[in-house]
Each structure stands twice: as structure tokens, then as C-alpha cells.
> 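I'd like to ask you about the structure that follows.
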2 protein chains.
Amino acid sequence: MFARPTETERGEVRMTVETGSGAVDGSPDGTDGATDGARGADAREPEDAWGEVTPDAARRLLLAAVEAFAERGFHATTTRDIASRAGMSPAALYIHYRTKEELLYQISRVGHERSVRILTEANDSATNPADRLAAAVHAFVRWHAERHTTARVVQYELNALAEEHYTEIVALRRRSEEILRGILEDGVAVGEFTVADIRGTALAVLSLCIDVARWFRSGGSRTPEEIGTLYADLVLRMVGAPAGGSREGDRPER
Amino acid sequence: MFARPTETERGEVRMTVETGSGAVDGSPDGTDGATDGARGADAREPEDAWGEVTPDAARRLLLAAVEAFAERGFHATTTRDIASRAGMSPAALYIHYRTKEELLYQISRVGHERSVRILTEANDSATNPADRLAAAVHAFVRWHAERHTTARVVQYELNALAEEHYTEIVALRRRSEEILRGILEDGVAVGEFTVADIRGTALAVLSLCIDVARWFRSGGSRTPEEIGTLYADLVLRMVGAPAGGSREGDRPER
DNA sequence: GTCTATAAGAAGATAGAC
DNA sequence: GTCTATCTTCTTATAGAC
């Protein structure tokens with residue numbers, strides 16, 4: 001029969017990748033794409049973001065998996081492909097990870113923790129809702145563009161996760177959602193934003209940011225920084241708070 | 001060796017599904033989701049949209065493929081799964097389609113033709129850019145919500161297409177892009193919109209609409225119609241043309 | 001047109017030498 | 001820790017009876 005991954009100790013695969021660290025520096029050469037999703041051609045970026053992963057081989061495998069999953073998708077990627085990209089034999093993978101799915105889980109977990117962290121820090125970077133929203137969108141979008149390879153896996157391969165892992169990740173996603181919704185609520189409360197459907201608008205904003213990972217490609221005409229700026233502006237407009245501070249836009253409540 | 005699909009005549013799989021027809025009526029029970037992508041659970045809708053597909057068995061297979069691809073992704077879906085959903089043996093599939101990829105291609109082609117048609121009709125439904133934009137976004141978003149199962153495959157399984165099919169589909173996607181960009185250009189030209197980066201904004205709007213297919217789920221709290229209305233409003237704001245007609249918002253250029 | 005049976009190969013994961 | 005070799009199962013696709 002088919003032995004399921006036994007619970008034997010095996011180096012304890014659960015690594016403690018310091019999600020934070022100086023990771024958001026990166027390719028300043030990214031740019032926009034078209035309506036067509038990335039097709040393997042690109043899907044590459046300086047992924048030194050995983051520098052913290054403990055055994056060197058484990059890090060190389062993780063990096064190889066990110067590239068492969070982003071290019072071809074989780075199910076279309078073979079363990080042989082991952083191992084060979086990492087310069088190892090197929091069997092070597094199983095020394096560091098119990099299953100192919102665990103690789104995806106690690107990528108997804110670290111990526112989502114990073115997302116929550118980016119949104120949290122942006123949210124704490126200012127007091128007025130408009131600046132908090134602009135900062136959050138700018139940073140979140142920039143990350144999705146700069147780290148589009150990772151982000152593509154993080155955002156679009158969720159369904160391949162095992163049930164228990166999926167549940168854990170969804171909890172992190174809800175946190176992101178709540179942070180954004182909180183900003184909108186505050187903005188409406190202090191009269192800085194004009195939003196009828198807060199929950200719906202929060203979802204739309206998040207969706208807009210996330211989808212950057214799908215279409216962004218290096219070699220286009222816009223840098224991640226520029227797209228972040230564009231999107232922050234668009235989102236401020238969406239909530240009725242034109243960029244540049246809407247001091248004069250405030251209705252005096254009669 | 002492994003025989004590639006021979007060019008023998010085999011019932012001519014290339015069907016002529018009238019992309020149009022009364023297909024956009026459908027589930028009025030759809031609604032919003034969360035930040036988590038749909039996970040199989042849902043991924044179902046009255047897909048009578050394929051009613052025009054010629055042999056009955058071919059239609060059932062197409063419908064089964066749409067559901068399976070939407071739930072599990074192209075690569076994770078087996079031909080056995082598709083055939084069994086259609087109530088047939090695995091071999092029956094190959095009477096109507098040369099390969100699994102051809103099923104995806106047909107779904108993708110019909111879906112993209114439908115997208116272009118929706119945008120074209122909306123674009124022709126009015127003369128002033130604001131109404132054209134609102135109509136386009138409303139209809140496009142509504143389709144992505146109502147037909148989210150199909151749309152998910154159409155929008156997110158592109159990479160699994162064979163090279164030649166991919167090229168053909170990308171051409172259709174560019175057409176959609178051009179239609180939207182054209183509306184924005186007209187709006188800026190007549191002073192109805194205030195948009196600095198037309199191309200970037202057009203891409204963002206398209207991206208926002210497309211991503212509805214990823215997160216939408218039946219059983220939520222919003223109907224496709226409501227989401228269409230919300231998004232049309234959000235997009236008008238994005239281009240600096242508040243809903244309800246921005247007659248008083250026009251700068252008289254002095 | 002549809003079935004049963006099966007070919008041909010590749011997949012994920014393990015065993016055991018080094 | 002890493003390799004080579006291999007097990008088991010599943011895959012797409014075909015052959016040929018009905």
C-alpha cells in the first residue's frame with residue numbers, strides 16, 4: 001500500500017522563517033504587463049526573501065518550488081522538477097519536506113504572514129485614514145509587483161493546500177481583510193471617506209491589489225513603485241478621498 | 001511511442017458555439033465571498049450557456065470540464081473525472097475531443113468571445129463615455145459573478161493552453177483591453193474623466209473586474225447585479241467621474 | 001457512439017548504499 | 001545529507017468489441 005508520510009522526526013521541517021527582515025528591497029526593474037497572465041517566460045525575481053530558511057538545501061528547494069509553482073502551477077509541477085532546479089536528486093526533497101504540499105504550505109504561510117505584516121505596518125504608519133489607506137495600498141501593491149513570483153503562488157495556489165493548512169491560511173487572509181475594512185470604517189467615521197458599502201469596497205480594494213500578482217511582469221513599462229503610487233491614487237478616489245488630502249472636500253455635515 | 005493526436009477527421013471537434021444567444025440570464029442568487037478563493041465547495045451555476053454545443057454528449061463533457069477545471073484546476077483534473085461527471089466512460093471523451101487541452105481551449109475561446117461581445121455591446125449602448133464605462137463594467141462584472149465557474153476557468157487557466165491556442169486567446173484579451181482603453185481615452189478627451197495614466201488605469205479596471213471570478217461565491221450576501229452596480233460606481237470614481245452624472249463636476253476649462 | 005480493457009509512461013514517495 | 005534504484009499508483013490516450 002501507499003505509506004502516508006509518517007510522523008517520524010525528520011529534521012523538523014517546520015522552519016521559522018523570520019517573515020519580516022529586510023526582504024522588500026528587490027528588483028527595481030519590474031513593470032506592467034497586459035491582460036494575459038504571466039506565462040513562464042517571466043516569473044523570476046531576486047528571491048533572497050527566503051534568506052532566513054535554515055538548512056541551505058531547504059532554502060534552495062523552497063526557492064525552486066516558488067519558481068516552478070509560479071510558472072506552471074502546483075499540480076503541473078513535479079517533485080523532480082523542483083529538485084532538479086535546486087540541483088539535487090528527486091529523493092533529496094524528502095529529506096527537507098515531507099510532501100510536495102508542504103513546500104506550498106511553507107511558501108503560502110510565509111507569504112501570508114508577510115502580507116499581514118505589510119498591512120499592519122502601513123496601518124500604523126499614520127493616524128488619518130487617508131494616509132493609512134494610501135500607505136497600505138502602496139506597500140501591498142508594491143510587494144505584489146516586486147515579489148510577483150512568490151505572490152502568484154501565495155495568492156493563486158491556495159486551493160492546492162491540504163484542508164488543515166488551507167484553514168490556517170484563510171485565517172491570515174481574514175486578518176488582512178479586517179485591517180483594510182478597519183481603515184475604511186475609520187475613514188467613513190471621521191468623514192474623510194464617502195463609502196456606501198464598506199465591506200464590499202474593502203473586498204474590491206483587496207482584490208485589485210492582489211490581482212497585480214497575476215498580470216505584473218518584469219520588463220514592462222512601470223516599476224512596482226510606480227504601480228503602487230498609481231493604485232494608491234485610484235483607491236483614494238474609490239473611497240471618495242482624492243489624493244493630496246481632501247481637506248476642502250469635507251462636507252461640513254450640513 | 002506516444003501518438004500525438006492525429007489529424008484524422010473525427011467529427012470535427014471545432015464546434016461553432018454561438019457565443020451570444022440568451023446566455024447571461026442565470027443564477028440570481030450569487031453573492032460575495034471573502035478573500036479566500038473558491039474551494040470546490042461552490043463552483044456551480046446553471047451553465048445552460050453551452051446549450052448551443054452540437055452533439056449532446058459533447059455539451060455534457062464541456063459542462064463537466066468547466067466544473068472540474070473550476071474546482072480543481074486544469075492539471076489536477078483527470079479525464080476520468082470529466083467523463084464520470086458527464087456520466088460516461090473515460091474513453092468516450094476522446095470521441096468528441098482530441099485531448100483534455102482541447103476542452104480547455106473550447107471553454108476559453110467561447111468565454112473570451114463572450115467577454116469581447118459584452119464589452120462591445122456595452123460600449124455601443126451609449127454615446128457619452130461615463131455611461132459607456134458604467135455599462136461595460138456593470139455587464140462585465142455581472143458576467144464574472146453569474147458565470148463565475150466558467151469565468152474562473154476562462155481567466156485563470158490560460159497558462160495550461162497549448163502555445164498556438166494561447167496566442168489566439170491573448171489576441172482576444174487585447175481586444176477587451178483596447179475597448180476599455182478606448183472608453184477612457186474618449187472620456188478624457190471630452191473632459192468627462194480625469195485620468196493621468198490611461199493605459200495603467202484601463203489595466204487596473206480590467207483587473208478589478210476579472211478578479212471577481214476568483215472570489216465570488218453563490219450564497220454570499222450580494223447578487224451579481226448588486227456587485228455590478230457597486231463596481232460601476234467604484235470605477236466611475238476611479239476615473240474622476242462620480243456616478244449620477246458629473247455635469248456639475250466639469251471644470252469649464254475656464 | 002459508447003463501452004471494456006489495456007498500453008505506455010510519469011507521478012509521488014521510499015529503501016538502502018555511500 | 002545526498003545519491004541511485006525502485007515501488008506503487010495514477011495518468012492520458014488508444015484498440016477493438018458491441
Side-chain angles (χ1 to χ4, degrees), chain A residues 1-13 15 53-65 68-69 71-106 157 160-162 165, chain B residues 1-13 15 53-65 68-69 71-106 157 160-162 165:
Chain A
M1 61 207 51
F2 227 41
R4 290 193 157 272
T6 46
E7 278 301 338
T8 58
E9 80 297 358
R10 183 199 295 264
E12 246 312 285
V13 183
M15 286 149 298
V53 179
T54 9
D56 179 76
R59 199 192 67 251
R60 271 159 42 223
L61 285 166
L62 211 53
L63 209 150
F69 292 163
E71 270 179 35
R72 330 212 318 111
F74 176 80
H75 289 295
T77 298
T78 69
T79 51
R80 281 169 172 77
D81 183 21
I82 297 170
S84 118
R85 281 176 196 248
M88 301 162 111
S89 77
L93 189 151
Y94 295 92
I95 294 154
H96 303 281
Y97 301 92
R98 277 195 293 244
T99 63
K100 186 173 82 161
E101 190 270 347
E102 182 168 330
L103 272 163
L104 176 63
Y105 168 58
Q106 295 299 340
E157 299 293 330
L161 288 169
H165 293 159
Chain B
M1 61 209 50
F2 228 40
R4 290 194 156 268
T6 47
E7 276 300 337
T8 58
E9 81 298 357
R10 185 198 293 265
E12 247 310 289
V13 184
M15 288 149 295
V53 179
T54 11
D56 179 77
R59 199 192 66 250
R60 271 161 39 222
L61 285 165
L62 212 54
L63 210 150
F69 293 162
E71 270 179 34
R72 332 215 313 113
F74 176 81
H75 289 296
T77 298
T78 68
T79 50
R80 280 172 169 73
D81 183 19
I82 296 170
S84 114
R85 280 176 198 248
M88 301 160 111
S89 77
L93 188 152
Y94 295 92
I95 294 155
H96 302 280
Y97 300 93
R98 279 197 291 245
T99 62
K100 185 173 83 162
E101 191 269 349
E102 182 169 329
L103 271 163
L104 176 64
Y105 168 58
Q106 295 298 341
E157 300 294 329
L161 287 170
H165 292 157

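Residue numbers begin at 1 in each chain, while the letters A, B, ... track the order of the sequences.
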> Roughly, in whole Å, what's the span from OH in A:Y97 to C1' in C:dA13?
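Whole-Å distance recorded here is 17 Å.
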
> If an axis is fit to five pairs at each end of the helix from C:dG1-D:dC18 to C:dC18-D:dG1, what is the angle between the two, to the nearest 10°?
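Helix axis angle between the two ends: 0°.
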
> What is the distance, to the nearest angstrom, from the CD1 atom on A:I95 to the P atom on D:dT2?
6 Å

> State which of D:dA13, C:dC3, D:dC3 makes the closest approach to the side chain of B:A92.
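Among the listed nucleotides, the one closest to the side chain of B:A92 is C:dC3.
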
> Just the rounded figure in Å: distance from C1' of C:dA13 to CD of A:E102.
14 Å

> Rounded to whole angstroms, how far apart are CG on B:L61 and C1' on C:dC3?
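Nearest whole value for this atom pair: 14 Å.
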
> Between C1' on D:dG1 and CG on A:D56, what's the gap in Å once rounded to a whole number?
12 Å

> A:L93 has an atom CG; how far is it from atom P of D:dT2, in whole Å?
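Atom CG in A:L93 sits about 11 Å away from atom P in D:dT2.
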
> Quick check against the 3.5 Å criterion: does B:Y97 have a side-chain atom that pairs as donor or acceptor with the backbone of B:L104?
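No: the side chain of B:Y97 does not pair with the backbone of B:L104.
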
> Could you check how far CZ of A:R72 sits from P of C:dA10, rounded to whole Å?
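Rounded to the whole Å, the gap is 13 Å.
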
> Would one find a side-chain N or O of B:S89 under 4.0 angstrom from OP1 or OP2 of C:dT2?
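For B:S89, the contact criterion (side-chain N or O under 4.0 Å from OP1 or OP2 of C:dT2) is not met.
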
> Give the nucleotide from the list C:dT2, C:dC3, D:dC3 with an atom nearest to the side chain of B:A91.
C:dC3

> Locate the shortest heavy-atom distance separating A:R80 from A:P90; write the atom from each residue and the value.
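Here A:R80 and A:P90 meet closest at CG-CG, 3.7 Å.
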
> Only counting residues at least two apart or in another chain, list the ones meeting side chain to side chain donor-acceptor pair (under 3.5 Å) with B:R60.
B:D56

> Strictly distance-based, threshold 3.5 Å: is any side-chain N or O of A:Q106 a donor or acceptor partner for the main-chain N or O of A:L62?
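Side chain of A:Q106 to backbone of A:L62: no pair is present.
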
> What's the closest nucleotide to the A:T78 side chain, out of C:dA11, D:dT4, D:dA13?
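Looking only at side-chain atoms, A:T78 lies closest to C:dA11.
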
> Any donor and acceptor pair, going by atom type alone, linking the side chain of A:K100 with main-chain N or O of A:F74 inside 3.5 Å?
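Indeed, once roles are kept as given, a pair shorter than 3.5 Å links the two residues.
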
> Quick check for you: to the nearest 0.5 Å, what is the distance between A:Y94 atom OH and A:T79 atom OG1?
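One finds 4.0 Å between OH of A:Y94 and OG1 of A:T79.
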
> Rounded to whole angstrom units, what separation is found between the CZ atom of A:R80 and the P atom of C:dA13?
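Answer to the nearest Å: 11 Å.
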
> Are OP1 or OP2 of C:dT14 and a side-chain N or O of A:Y94 less than 4.0 angstrom apart?
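No, outside the criterion.
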
> So, taking the atom named CG in A:L61 and the one named CZ in A:R85, what distance separates them when rounded to the nearest 0.5 Å?
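Nearest 0.5 Å value for the CG-CZ distance: 12.5 Å.
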
> Has B:H96 got a side-chain N or O lying under 4.0 Å from the OP1 or OP2 atom of C:dT2?
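For C:dT2, OP1/OP2 do have a side-chain N/O of B:H96 under 4.0 Å.
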
